[in-house]
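Worksheet: one structure, shown below.
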Amino acid sequence: MIEATATGSAIVKARLDLALLDQALHKLESDEMSPAQFADIARHENELLSALPDRYGMVLGNVLDRLEASALFVEESCSFSHAELLQQLHIWVEKAGEQLHS
């Protein structure tokens, strides 16, 4: 019973962390946060990432790497579309939420 409670607590914490990450994503979109700041926050969501299958961490890391690289360009480049990366992050948040609620 204690293990179930600990697992339940971890899921609740992961859901809260996901909500905070979603808020940070909205700040990133409105230029209230830099890509580097967002990536730093996302990379340190250990509780959230450990509550999800490993592939979620790999996908998030890949998108964050491209987001940080895209910050080096002033305009959209053919390799790094800032808008596309933001869309991918929204999809990641949505899928992670579905995973945590299943």
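Just the heavy atoms: all of them, side chains too, but no hydrogens, waters or symmetry mates, feed the values below.
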Got a second to check how far [X]'s [atom1] is from [Y]'s [atom2], nearest 0.5 Å?
{"X": "Leu89", "Y": "His26", "atom1": "CG", "atom2": "NE2", "answer": "11.0 Å"}
{"X": "Arg15", "Y": "Asp17", "atom1": "CZ", "atom2": "CG", "answer": "12.5 Å"}
{"X": "Glu47", "Y": "Ile11", "atom1": "CD", "atom2": "CD1", "answer": "10.0 Å"}
{"X": "Lys27", "Y": "Gln37", "atom1": "NZ", "atom2": "CD", "answer": "9.5 Å"}
{"X": "Leu52", "Y": "Leu60", "atom1": "CG", "atom2": "CG", "answer": "9.5 Å"}
{"X": "Lys13", "Y": "Asn46", "atom1": "NZ", "atom2": "CG", "answer": "9.5 Å"}

Would you say [X] and [Y] make side-chain contact, with heavy atoms under 4.5 Å?
{"X": "Leu25", "Y": "Trp92", "value": "no"}
{"X": "Leu67", "Y": "Phe38", "value": "yes"}
{"X": "Gln88", "Y": "Arg66", "value": "yes"}

**Prompt:** How would you list, by chain and number, every residue that makes a ring pair (Phe, Tyr, Trp, His ring centres under 6.0 Å) with His44, sequence neighbours excluded?
**Reply:**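 In terms of ring pair (Phe, Tyr, Trp, His ring centres under 6.0 Å), with neighbours along the sequence ignored, His44 is linked to no residue.
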Using side chain to side chain contact (heavy atoms under 4.5 Å, CB included), reason through Asn62 and Met58 one step at a time and then give a plain yes or no.
CA-CA 6 Å; Asn62 186 350; Met58 290 185 289; over 6 Å; no
Side-chain atoms of residues 93-102: list all donor-acceptor pairs with protein atoms under 3.5 Å, sequence neighbours left out, distances to 0.1 Å.
unit_1	atom_1	unit_2	atom_2	d
His101	ND1	Gly97	O	2.8
Ser102	OG	Gln99	O	2.9

